[in-house]
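Every heavy atom of this structure was used, including side-chain atoms; hydrogens, water molecules and symmetry mates were not. Ligands are counted one by one from 1 in listed order, and the atoms in each one are counted from 1 as well. Worth saying up front: this structure is predicted, and the values here are computed from it rather than measured.
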Amino acid sequence: MNKLNDLDSKTWLKFQKSWFIHNPPPRRKGVLVHPAKFPETMAQEFIEFFTKRGQTVLDPMAGTGSALVASLRCGRNSYGIELNPKYAEIARQIVTEERQLLGDSIANLKSEIVNGDASLAATYQFPAIDYVLTSPPYWDMLHAKGAETQKKRRSAAELDVFYSDDPNDVGNLHDYEEFVAKLVAIYSGLKPLLREKAYLTIIVKNIKKGGKIYPLAWDLGRELGKVYTLKDEKIWMQDNQRLAPFGLGSAWVSNTFHHYCLQFRNG
Ligand SMILES: C[S@@+](CC[C@H](N)C(=O)[O-])C[C@H]1O[C@@H](n2cnc3c(N)ncnc32)[C@H](O)[C@@H]1O
């Protein structure tokens with residue numbers, strides 16, 4: 001009996017590879033305004049591995065709601081918390097559209113976005129959560145003046161360059177240690193909501209700033225591994241990005257086209 005998911009052995013085995021390539025499909029118009037999201041198609045693969053139909057998924061930093069859309073598509077209930085009221089509203093709209101598209105088949109599923117602070121998650125009225133799929137702001141990098149993609153976004157007036165000015169937005173913490181501690185506190189605070197043996201997948205990058213690496217993925221693995229069991233990593237690679245000539249002819253500066261999908265388990 002398969003206790004974890006509804007997958008056949010072939011699909012299960014395929015997911016067990018420690019890396020995958022996923023090039024996000026073009027984003028729909030409404031969500032372009034948000035500076036960083038993970039693709040729904042990829043979220044769905046994680047949700048289908050770590051839950052069964054009818055179970056419940058939480059994204060405590062839901063952005064424009066990709067995890068909720070993916071949950072609907074594979075018959076899971078879902079909850080999201082998003083601090084920025086603008087994104088929370090976009091997420092609600094997108095989820096409503098998806099529900100209309102999917103029709104009666106998903107009428108009994110819940111999908112709910114709370115416009116709130118992830119550090120208060122345990123005080124919101126959520127049912128027991130079977131799986132957390134989430135990705136935090138990559139520190140304060142969206143504030144970095146040189147960030148290439150942000151430069152392009154700045155020239156497109158209606159697109160956001162960073163998430164918000166809210167002091168509770170973890171992307172506005174400029175001290176790295178404080179940022180890591182806050183993230184760890186937020187994810188640890190989800191524990192009372194989680195079922196025993198529930199998995200959490202946190203998608204992060206190590207961060208390059210001022211000519212050195214801040215190993216966010218590794219720091220999070222070490223620190224949050226004291227609260228949950230750090231089970232594994234899975235590397236998400238993109239191979240459709242244009243290479244930039246950083247450091248050409250003078251220094252080693254990589255083009256970083258991979259993210260860590262850190263897998264934790266509650267117990
Ligand atoms: C990387 S984005 C998440 C994108 C999301 N996975 C998606 O696919 O749309 C991180 C999000 O965290 C939100 N955020 C930052 N601090 C937060 C907090 N304390 N509570 C809830 N959301 C927060 C930001 O507004 C941003 O939308």
Ligand 1 atoms in contact with Ser66 (distance to a heavy atom under 4.0 Å): 7 (C), 8 (O), 9 (O)
Relative to the ring of Tyr199, is the ring of Phe50 parallel (under 30°), tilted (30 to 60°) or perpendicular (over 60°)? tilted
Is there a side-chain hydrogen bond (donor to acceptor under 3.5 Å, both in side chains) between Tyr131 and Thr201? Walk through the geometry before answering. CA-CA 8 Å; Tyr131 178 49; Thr201 300; 2.7 Å; yes
If we number the atoms of ligand 1 from 1 as shown, the ones under 4.0 Å from a heavy atom of Asp117 are 18 (C), 19 (N), 20 (N)
I need the atoms of ligand 1 closer than 4.0 Å to a non-hydrogen atom of Gly116, numbered in the order shown. 20 (N), 21 (C)
Heavy atom under 4.0 Å from ligand 1: found in Pro60's side chain, backbone, both, or neither? backbone
Hey, is Asp140 close enough to Lys209 for a salt bridge, meaning N to O under 4.0 Å? yes
Give a yes or no answer on whether the side chain of Asn115 reaches the backbone of Ile81 with a donor-acceptor pair at less than 3.5 Å. no
Heavy-atom gap Ser119 to ligand 1 smaller than 4.0 Å: no
Using side chain to side chain contact (heavy atoms under 4.5 Å, CB included) as the criterion, point out the one residue from Tyr214, Tyr138, Trp139 that pairs with Phe179. Trp139
Nearest heavy atom to atom 20 (N) of ligand 1: which of Ala62, Ala91, Ala118, Gly65 does it belong to? Ala118
A student checking ligand 1 against Val170 at a 4.0 Å heavy-atom cut-off should list atoms 15 (C), 16 (N)
Any heavy atom of Gly171 closer to ligand 1 than 4.0 angstrom? no
When rounded to the nearest 0.5 angstrom, what distance separates CG in Leu68 from OH in Tyr79? 10.0 Å
Nitrogen or oxygen atoms of Ile81 and ligand 1 under 3.5 Å apart: no
For the residue pair Asp239 and Asn23, confirm or rule out a side-chain donor-acceptor distance under 3.5 Å. yes
Any idea which part of Ala43 is under 4.0 Å from ligand 1, heavy-atom wise: side chain, backbone, both or neither? neither
Evaluate Ile186 for polar contact with ligand 1, using N/O atom pairs at a separation under 3.5 Å. no
Is any N or O atom of Tyr87, backbone or side chain, closer than 3.5 Å to an N or O atom of ligand 1? no
Among Glu82, Lys37, Lys86, which one has a heavy atom closest to atom 13 (C) of ligand 1? Glu82
Step by step, work out the salt bridge (Lys or Arg N to Asp or Glu O under 4.0 Å) result for Arg92 and Glu89. CA-CA 5 Å; Arg92 280 194 195 109; Glu89 195 40 48; 3.4 Å; yes
Side-chain donor-acceptor contact under 3.5 Å, Thr64 with Lys37: no
Less than 3.5 Å between some nitrogen or oxygen of Ser135 and one of ligand 1, yes or no? no
Side chain of Arg265, backbone of Lys231: donor and acceptor closer than 3.5 Å? no
Kindly confirm or rule out an N or O of Asn168 lying under 3.5 angstrom from an N or O of ligand 1. yes
